[in-house]
Amino acid sequence: MKKTIRDIELKGKKAVCRVDFNVPQDKETGAITDDTRIRAAVPTIEYLLRNGAAVILMSHLGRPKDGPDMKYSLAPVAARLEEILGTPVRFISSPVVVDDAVRKAAKELKAGEVLLLENVRFVPEETKNGEAFAKELASLGDLFVNDAFGSAHRAHSSTAGIAAFLPAVSGFLMEKEVRFLGDAVENPERPFVAILGGAKIGDKIPVIENLLNKVDTLIVGGGMAFTFLKAKGYEIGKSLVDDEKIELAKELLAKAREKNVRFLLPVDVVMADEFANDSPSAVYDANAMDPNRMGLDIGPATIRLFRGALQEAKTVVWNGPMGVFEMDNFAKGTNKIAEALAESKAVTIIGGGDSAAAVKKAGLSDKMTHISTGGGASLEFLEGKGLPGVDCLMD
Ligand code: ADP
Ligand code: MG
């Protein structure tokens, strides 16, 4: 078990806290269009303040290319955080993140006060896990709190390197992610069913490889399914496919048989002429697809098959939509699977940005046990990889 902010003395301490304030912004005005991530960090911040700590916050925002770029300043975040917390947030916009003014402000910061640093990615060393920058960040406080699960799969100065110089614990968001994803992979209540879909086939195939050692049933839908259907020798028309992964797909199908894992693929698909919502479409059996059309959703028989497999499940992990859910005419498969999970008594865990968006769009977010905030991080976790931002925390 990793230590959390509950397991460490906070009174009179300065907590250097890595949060995820990487919020979406309006391209023209820079206004924050969704402050969910800021709100999500509040329980950890308030707990630290209530227990007598001073809080120094750091985050990245966007991907500034070559050093400081004011387009990616955390200034708007500071203002919004102040509104949400109802307490002043000191913000110092330094192009090098830590300068004399910041050091002075950190030194003078009192219990119950909040200081926000500038975008850590203004320093090019950050993403290289530069030791000097990690040390600089660490020198501002007495302990490191990591609450940025979404960045935990990257070894950066502010997510992992800093832990070499300070006692390191997790915040509440991080704790929750590690508990749900960790339990799902290590001690799932069975039957354990994983559903994979979406479009990032190359990224997700390694996840399948690991999940085959853990699950009772593996369901593959969405754009991913066609690579497997092609591996089985089916015509897939103009559907999304990763031809370099066909051999691996064959191996995975064989491995599933060997391990007695039930591997479910679509038995029918909705195919359209073009990648467009109003394109004419029809349902085809998976073994009789139209060579001139593309598959954009799972069909009705597949929905029944997948829902049936979910009925007995005690643990379900879902990553990747079942179709092009952004287009209403191809959203049915994704919505029906989301409904099945919402109705299920199983522990339901959603990973992946688009999957989380699909569940939100269906209005079912609060019916799920856990929706992971980290797309890439949750995938790497399910892949069985250690995450630098988690491994660096104290046991
Ligand atoms: P997540 O963000 O949940 O990890 P991905 O990023 O892998 O999921 O994939 C999401 C994308 O996959 C969506 O934009 C969706 O439109 C697309 N997608 C799903 N099914 C298909 C399909 N059959 N053909 C093409 N794209 C698809
Ligand atoms: Mg995505």
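What you see is a predicted model, and the numbers here were worked out from it, not measured in a lab. In this chain, residues are counted from 1 in sequence order. Counting convention: from 1, in listed order, for ligands and their atoms alike.
Close contacts between ligand 1 and Phe226 involve ligand atoms 23 (N) [criterion: under 4.0 Å to a heavy atom]. Distances below 4.0 Å separate heavy atoms of Asn319 from the following atoms of ligand 1: 4 (O). Near Gly295, meaning under 4.0 Å from one of its heavy atoms, ligand 1 places the atoms 22 (C), 23 (N), 24 (N). Residue-ligand proximity, Pro321 to ligand 1, at heavy-atom distances under 4.0 Å covers atoms 3 (O), 8 (O), 10 (C). Of all the atoms in ligand 1, the ones that sit under 4.0 Å from a non-hydrogen atom of Gly198 are 7 (O), 9 (O), 10 (C), 12 (O).
Residue Lys204 places a heavy atom less than 4.0 Å from ligand 1. Note on ligand 1: Phe330 sits outside its first shell, no heavy atom being nearer than 4.0 Å.
Protein heavy atom in closest approach to atom 6 (O) of ligand 1: Asp354 OD2, 3.0 Å. The protein heavy atom nearest to atom 21 (C) of ligand 1 is Gly223 N, 3.4 Å. Nearest to atom 3 (O) of ligand 1 among the protein's heavy atoms is Ser355 OG, 2.5 Å. Closest to atom 16 (O) of ligand 1 among all protein heavy atoms lies Glu326 OE1, 2.6 Å. Of the protein's heavy atoms, Val324 CG2, 3.7 Å lies nearest to atom 26 (N) of ligand 1.
Between the side chain of Lys2 and the backbone N or O of Leu393 there is at least one donor-acceptor pair closer than 3.5 Å. With Thr348 contributing its side chain and Val316 its backbone, the two residues share no donor-acceptor pair below 3.5 Å. With Arg37 contributing its side chain and Asn22 its backbone, the two residues share a donor-acceptor pair below 3.5 Å.
The number of heavy-atom neighbours closer than 6.0 Å to CZ of Arg90, taken from other residues, nucleotides and ligands shown, is 12 or below. More than 12 non-hydrogen atoms from other residues, nucleotides or ligands lie less than 6.0 angstrom from NZ of Lys176.
One option in Gly197, Gly222, Gly323 has a heavy atom closer to atom 19 (C) of ligand 1 than any other, and that option is Gly323.
Between Phe180 and His370, the ring-plane angle classifies as parallel under the 30° and 60° cut-offs.
By the criterion of a heavy-atom distance under 4.0 Å, neither the backbone nor the side chain of Leu379 is placed next to ligand 1.
Heavy atoms only, all atoms of each residue included: Ala356 and Ile371 are closest at CB-CG2, 3.6 Å.
Salt bridge Arg307/Glu343: present, at least one basic N to carboxylate O contact under 4.0 Å.
Distances between N or O atoms of Ala199 and those of ligand 1 include at least one value under 3.5 Å.
Its N, O or S atom nearest to the Mg ion (ligand 2) is what matters here, and for Asp354 that atom is OD2.
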